[in-house]
Amino acid sequence: MEFIKKIIEESKVLGNRIKVYTTMIGQKSDLPILKKCLRDNEVYSFRESEFCQGNTTRWGLAWTYCDFDLRKV
């Protein structure tokens, strides 16, 4: 989780030069902490998604600093 938090903080430096940032998360309990980190870093929009294959579940997290709403995608 610390690695992903560092990616989120570094993404603020690049801002909207990259349209969408993404990462995959292995534990659902990390999602609320990472979403708070996104809010603290003032991202424009973010969205989470769940991936299930067999007995394995992972979560994806995408965010952007650009002027479009990922929640509508």
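Within the model, atoms CD of E9 and CG of L38 stand 10.5 Å from one another, a figure rounded to the nearest 0.5 Å. Summarising the geometry, atom OG1 belonging to T23 is positioned 4.0 Å from atom CD1 belonging to I4; distances are rounded to the nearest 0.5 Å.
Every residue two or more places apart in sequence or in another chain was checked for a side-chain hydrogen bond (donor to acceptor under 3.5 Å, both in side chains) with R17, and none qualifies. Every residue meeting the side chain to side chain contact (heavy atoms under 4.5 Å, CB included) condition with L70, not counting sequence neighbours, appears here in chain and number order: V20, S45, R47, A62, T64, F68, V73. Applying the side-chain hydrogen bond (donor to acceptor under 3.5 Å, both in side chains) rule to Y21 yields no partners; only residues at least two apart in sequence or on another chain are considered.
Within the structure, salt bridge (Lys or Arg N to Asp or Glu O under 4.0 Å) pairs that include any residue of residues 61-73 comprise D69-R71 (at least two apart or interchain).
Residues L14 and Y44 do not share a hydrophobic cluster, defined by chaining ILVMFWY side chains whose heavy atoms lie under 4.5 Å apart. Residue L61 is grouped with residue I18 when hydrophobic side chains (ILVMFWY) are merged at heavy-atom distances under 4.5 angstrom, including chains of intermediate members.
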Without placing hydrogens or testing angles, list every side-chain donor-acceptor pair under 3.5 Å for residues 24-37, not counting sequence neighbours.
from: K35; atom 1: NZ; to: E48; atom 2: OE1; distance (Å): 2.7
from: K36; atom 1: NZ; to: D40; atom 2: OD2; distance (Å): 3.0

Which pairs would a plain distance check flag for residues 50-60, meaning a side-chain donor or acceptor within less than 3.5 Å of a matching protein atom at least two apart in sequence or in another chain?
from: E50; atom 1: OE1; to: W59; atom 2: NE1; distance (Å): 3.2

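Closest approach of V43 and W63 over heavy atoms only: CG1-CD1, 3.7 Å.
With side-chain heavy atoms closer than 4.5 Å counting as contact, directly or through intermediates, V13 stands alone and belongs to no larger hydrophobic cluster.
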